[in-house]
There are 2 protein chains.
Amino acid sequence: MTELKPGPNPLFLREEELRQAIEMLFFAYRDFTGEPDAILAHLGFGRAHHRVIYFVGRHPMISVSELLLILKITKQSLSRVLSQLVREGFIVQHQGTEDRRQRLLKLTDKGVEIERQLTEAQRQRIARAYREAGAEAVQGFRAVMLGIMDAPDRGRFDRERDG
Amino acid sequence: MTELKPGPNPLFLREEELRQAIEMLFFAYRDFTGEPDAILAHLGFGRAHHRVIYFVGRHPMISVSELLLILKITKQSLSRVLSQLVREGFIVQHQGTEDRRQRLLKLTDKGVEIERQLTEAQRQRIARAYREAGAEAVQGFRAVMLGIMDAPDRGRFDRERDG
DNA sequence: CATATACGTCAGTCTTGTTGACATATTGCC
DNA sequence: GGCAATATGTCAACAAGACTGACGTATATG
């Protein structure tokens, strides 16, 4: 039973294969978020704070509306965690120069430090998985993950870095 | 940019590669859960109900404590959704024969139907991604996903089906 | 018989998402 | 210049789903 036995019922195998993928997503995502969650809880923050810190770190001087497009949550939901992060000095808001209605977000030094700390566990987890699986597997992983996400989200991974 | 360009700064590329993986997990997981969530909301249920229905369907006659080990939530959290699912006729509880303290869980016909409906969108999403990426990519995907999850969870995917 | 286990339940709290309504500053257009 | 649209903020109420802590009951096991 270590090898799924090649049987007379390919439909069953397909079903099993698909269910395993579904479960892998569940387990991998949960374990993947576990470590940062623990650190966050210790700071009185939640996973939502991590996401904001992460994407502001990833896209310095991002506008609020751009951040909303990435996170796909309501501005009210974002507002709660964002204003908390600004109040506690992890993020600063700069008024936009071209459009002065915009509040462009940027991590403070304190924010950069906490981002590094939070993301480090995840980075190491991925690095280990990548190293152990090998370069070819990584290509496969990326291909499947891109296929799983909605088409619009895929755009973030081919060009990347053109603004 | 389809191939990561071999540059003068391999550390930057590595960092970029790892961050892309982190973001792929975020986007893929969110999009992956989106469709069932919509169906569930329509039924007055949430994602937690889906998880319970899914794993009870996957492991018929599973005990409550075994289910708790898979989900890694508290019995109080499980209780809320489980008793709701029992009350509304999606799951039945059979008293264990060997250990009569156990409540062994099983989907009703109604439960099977809703499970099929909920998981169908996810199955199709995975099937499409697998088909488009190819068999080799699937192997890579599995290898990386297994590497990302905590070691204890990996055990569910090599043997699988020995109880 | 006593203790441990499997399960259920009541009560309160927190995070994070939602909707709806309304306010303010700024931009862009006629 | 005036006015509609846009970017953002904020108040209020609500729901899902996780948590802790405490307590109760049925059954198993030594």
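All heavy atoms count here, side chains included; hydrogens, waters and symmetry mates do not. Treat the numbers as computed from the prediction; the structure is a model and nothing was measured. Naming: A, B, ... by sequence-line order, numbering from 1 per chain.
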>> With nearest nucleotide decided by heavy atoms, which residue, B:Q95 or B:T74, maps closer to the 5′ end of DNA chain D?
In response: B:T74
> With nearest nucleotides of DNA chain C determined for A:G46 and A:R103 from heavy-atom distances, which residue corresponds to the more 5′ nucleotide?
Replying inline: A:G46
>> Let me spell it out: for each of B:Q93 and A:F45, pick the nucleotide of DNA chain C with the closest heavy atom. Which residue's pick is nearer the 5' end?
In response: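 First, find each residue's nearest nucleotide; the 5'-ward one identifies B:Q93.
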> Can we say B:D150 and A:R30 salt-bridge, meaning some charged N sits less than 4.0 Å from an Asp/Glu carboxylate O?
Replying inline: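 No, B:D150 and A:R30 are not salt-bridged.
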>> Tell me whether B:R58 is salt-bridged to A:E23, with the criterion being a basic N under 4.0 Å from an acidic carboxylate O.
In response: yes
>> Around atom CD of A:E136, are there more than 12 heavy atoms from other residues, nucleotides or ligands closer than 6.0 Å?
In response: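 No.
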> Looking at A:S65, does any N or O in its side chain come under 4.0 Å of the phosphate oxygens OP1/OP2 on D:dA7?
Replying inline: no
> Taking OP1 and OP2 of D:dA16, is either one under 4.0 Å from a side-chain nitrogen or oxygen of B:H49?
Replying inline: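 No, no such contact exists.
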> What is the nucleic acid contact for B:S83, judged by heavy atoms within less than 4.0 Å: base, sugar-phosphate only, or nothing?
Replying inline: nothing
In whole angstrom, what separates [X]'s [atom1] from [N]'s [atom2]?
X	N	atom1	atom2	result
A:L78	D:dT8	CG	P	10 Å
A:R87	D:dG9	CZ	C1'	13 Å
B:L68	D:dA18	CG	C1'	13 Å
B:R47	C:dG17	CZ	C1'	10 Å
A:R80	C:dT16	CZ	C1'	6 Å
B:K75	D:dA26	NZ	C1'	13 Å
B:E98	D:dT29	CD	C1'	15 Å
A:M61	D:dA7	CE	C1'	16 Å

> Judged by modelled atom types alone, do B:R142 and A:Q20 share a side-chain donor-acceptor pair under 3.5 Å?
Replying inline: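 Indeed, the side chains of B:R142 and A:Q20 share at least one donor-acceptor pair under 3.5 Å.
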